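No experiment lies behind these values; they were computed from the predicted model shown. For the single chain, residues carry numbers from 1 onward in sequence order. We use all heavy atoms of the structure for the numbers below, so side chains are in, but hydrogens, waters and symmetry mates are not.
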Amino acid sequence: QLQLVESGGGQVQPGGSLRLSCAASGFTYAIGWFRQAPGKERGAVSCISSHGNNALYADSVKGRFTISRDNANNTVYLQMNSLKLEDTAVYHCASVVCGLTMPESFFGSWGQGIQVTVSA
């Protein structure tokens, strides 16, 4: 069974940067990042195909976040730049379908996730 472990995150001031990592076991998969803040709906932030040739982003993070993967190390990264207060949330990575549209669901189960806090 696929196992995913998130790392990174933390607290940063507005305009700062963080990089999240999602380490996976087994074969290559399409991976998506989701986030949920208190009082807000859970939504997909970005996804990347199994070979890294296709990537999608939510409108709210386009131009600021970059998703990438290193299949040799079975790791997917989410580089987050120019962070805003609204980016504060718990971030999860999960196996998804990443094609022409942003994923609305995922396979498997949630892990603990990573807390990202943007505050002055």
Side-chain angles (χ1 to χ4, degrees):
Q1 188 67 258
L2 174 66
Q3 292 183 316
L4 301 173
V5 179
E6 301 99 339
S7 62
Q11 186 173 3
V12 67
Q13 293 182 330
S17 299
L18 289 172
R19 188 178 75 164
L20 305 183
S21 298
C22 177
S25 62
F27 302 102
T28 59
Y29 307 90
I31 297 293
W33 284 97
F34 297 79
R35 69 184 181 185
Q36 186 168 27
K40 296 184 178 180
E41 299 292 328
R42 185 189 70 201
V45 177
S46 180
C47 70
I48 188 168
S49 61
S50 61
H51 294 285
N53 58 308
N54 182 63
L56 302 175
Y57 300 92
D59 289 340
S60 59
V61 306
K62 287 182 179 178
R64 300 189 298 117
F65 291 10
T66 302
I67 192 169
S68 62
R69 68 186 304 155
D70 182 355
N71 285 345
N73 294 316
N74 297 318
T75 303
V76 173
Y77 303 97
L78 185 67
Q79 179 67 45
M80 305 183 294
N81 298 328
S82 302
L83 284 163
K84 304 176 179 179
L85 297 178
E86 65 188 56
D87 295 319
T88 296
V90 175
Y91 287 70
H92 300 263
C93 64
S95 177
V96 300
V97 173
C98 189
L100 298 178
T101 60
M102 289 284 288
E104 297 180 351
S105 60
F106 59 91
F107 303 101
S109 60
W110 292 115
Q112 291 184 333
I114 292 292
Q115 177 70 50
V116 171
T117 301
V118 183
S119 63

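Minimum interatomic distance between S119 and Q11 (heavy atoms only, all atoms of both residues): OG-NE2, 2.9 Å. Nearest heavy-atom pair, P14 versus L85, reported as atom, atom and distance to 0.1 Å: CG-CD2, 3.9 Å.
Residues V12 and S17 have side chains not in contact (no heavy-atom distance under 4.5 Å, counting atoms from C-beta outward). For the pair Q13/L83, no side-chain contact is recorded, criterion being any heavy-atom separation below 4.5 Å from C-beta on.
A donor-acceptor contact shorter than 3.5 Å is absent between the side chain of N71 and the backbone of H51. Not one N or O on the side chain of S49 forms a donor-acceptor pair closer than 3.5 Å with the backbone of A30.
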Exercise. Might you work through the side-chain contact (heavy atoms from CB on, under 4.5 Å) test for S46 and L78, ending with a clear yes or no?
Key: CA-CA 8 Å; S46 180; L78 185 67; 4.2 Å; yes
Exercise. Under the side-chain contact (heavy atoms from CB on, under 4.5 Å) rule, what do E6 and Q112 come out as? Steps first, then yes or no, please.
Key: CA-CA 8 Å; E6 301 99 339; Q112 291 184 333; 5.6 Å; no
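Cluster annotation: V76 and L18 are assigned to the same hydrophobic cluster (Ile/Leu/Val/Met/Phe/Trp/Tyr, side-chain heavy-atom contacts under 4.5 Å, transitive). Connection of V61 to Y77 is not established within any shared hydrophobic cluster, with ILVMFWY side chains joined at heavy-atom distances below 4.5 Å, either directly or through further cluster members. Hydrophobic clustering, with ILVMFWY side chains joined whenever heavy atoms are under 4.5 angstrom apart, keeps W33 apart from V90.
Enclosure of atom CG in L100 is not indicated, since only 12 or fewer non-hydrogen atoms of other residues, nucleotides or ligands lie within 6.0 angstrom. Within 6.0 Å of the CD atom in E104, the count of heavy atoms belonging to other residues, nucleotides or ligands does not exceed 12.
Between the CD atom of Q79 and the OG atom of S21 there is a distance of 9.5 Å, given to the nearest 0.5 Å. Taking CD from Q3 and CG from N74, the interatomic distance works out to 12.0 Å, rounded to the nearest 0.5 Å.
Screening residues 79-94 for salt bridge (charged side-chain N to carboxylate O under 4.0 Å, His left out) gives R35-D87, R64-D87 as the qualifying pairs, with residues at least two apart or on separate chains.
Looking at residues two or more places apart in sequence or on another chain, you find no side-chain hydrogen bond (donor to acceptor under 3.5 Å, both in side chains) involving S50. Partners of F106 by ring-ring contact (aromatic ring centres under 6.0 Å, His included), not counting sequence neighbours, listed by chain and number: F34, W110.
Of the listed residues (V45, I67, T66, L20), just one forms a side-chain contact (heavy atoms from CB on, under 4.5 Å) with M80, and that residue is L20. Looking at P103, C47, C22, C98 one by one, the single match for side-chain contact (heavy atoms from CB on, under 4.5 Å) with I31 turns out to be C22.
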